[in-house]
Amino acid sequence: MLKGLVVDYVGVLTDADADQLYAFLRAARERGIKTALLSNAPGASDEAKQALDPFFDALVFSGEVGVAKPEREVYLLTAGLLDLPADRCVFVDDAAHNVRAAVAAGMAGVHHTSVEETLTELSALFAGDR
């Protein structure tokens, strides 16, 4: 059973309809799904982290942890921060090579092309957790 949701920031949570993704993240957390942001950014300001905090159990910035997508270690590190094995997590990214790398690390993968399609896939993947 899937218990973790790991999401990229730029290209996913920056889409015009991203408010729907944020609503899904909030609802997932309320249902006990652990959530993480995984970004190749060097870091984020304290204000940005505070704005993201209501949606995520862990914030992972490559510049802060010293490993970046698509390296296997960053996916395993992120799952570990959620206290989950990689095979209990879903990873969402707009870069197909990052999704393939997450799948190779053991996660389920969703290639984000639109908010609507991503929400459809996530709803199906987490349907058994309701």
Can you tell me how far the CG atom of Leu37 sits from the OG1 atom of Thr35, to the nearest 0.5 Å? 9.0 Å

Holding to salt bridge (Lys or Arg N to Asp or Glu O under 4.0 Å), I want the full list of residues that pass it with Asp57, two or more places apart in sequence or in another chain. Arg29

Side-chain atoms of residues 74-83: list all donor-acceptor pairs with protein atoms under 3.5 Å, sequence neighbours left out, distances to 0.1 Å.
unit_1 : atom_1 : unit_2 : atom_2 : d
Tyr75  : OH     : Asn98  : O      : 3.0
Thr78  : OG1    : Val74  : O      : 2.8

Test side-chain contact (heavy atoms from CB on, under 4.5 Å) on Val12 and Leu21; report intermediate values, then the result. CA-CA 9 Å; Val12 178; Leu21 289 171; 3.9 Å; yes

For Lys69, the salt bridge (Lys or Arg N to Asp or Glu O under 4.0 Å) test, sequence neighbours excluded, returns Asp8, Asp93

Is it possible for you to say whether Leu2 and Val6 belong to one hydrophobic cluster, with membership spreading through side-chain heavy-atom contacts below 4.5 Å? no

Donor-acceptor under 3.5 Å (Ser62 side chain, Ser39 main chain): yes

At what distance, to the nearest 0.5 angstrom, does CG of Leu119 lie from CG of Asp17? 9.0 Å

With a 4.5 Å limit on heavy-atom distance, are the side chains of Leu122 and Leu5 in contact? yes

Nearest 0.5 Å, what's the CD1-CG distance between Ile33 and Leu25? 11.0 Å

What side-chain donor-acceptor pairs closer than 3.5 Å can you find for residues 100-117, not counting sequence neighbours?
unit_1 : atom_1 : unit_2 : atom_2 : d
His111 : NE2    : Asp94  : O      : 2.9
His112 : ND1    : Thr118 : OG1    : 2.6
His112 : NE2    : Gly11  : O      : 3.4
His112 : NE2    : Asp15  : OD2    : 2.6
Thr113 : OG1    : Glu117 : OE1    : 3.0
Ser114 : OG     : Glu117 : N      : 3.1

Sequence neighbours excluded, which residues qualify as ring pair (Phe, Tyr, Trp, His ring centres under 6.0 Å) partners of Phe61? none

Identify each donor-acceptor pair in which a side-chain atom of residues 84-91 lies under 3.5 Å from a protein atom, sequence neighbours left out, and give them as a table.
unit_1 : atom_1 : unit_2 : atom_2 : d
Arg88  : NE     : Met1   : O      : 2.4
Arg88  : NH2    : Met1   : O      : 3.3

What's the shortest heavy-atom distance between Ser123 and Phe24, and which atoms? OG-CE1, 3.8 Å

Check side chain to side chain contact (heavy atoms under 4.5 Å, CB included) between Ala48 and all other residues, then give those that pass, not counting sequence neighbours. Ala44, Ser45

Joint cluster assignment, Val99 & Val92, ILVMFWY side-chain distance < 4.5 Å: no

Sorted by chain and number, sequence neighbours left out, side chain to side chain donor-acceptor pair (under 3.5 Å) with Glu64 holds for Lys49

If a pair satisfies ring-ring contact (aromatic ring centres under 6.0 Å, His included) and one of its residues is in residues 30-59, list it, with sequence neighbours excluded. Tyr22-Phe55

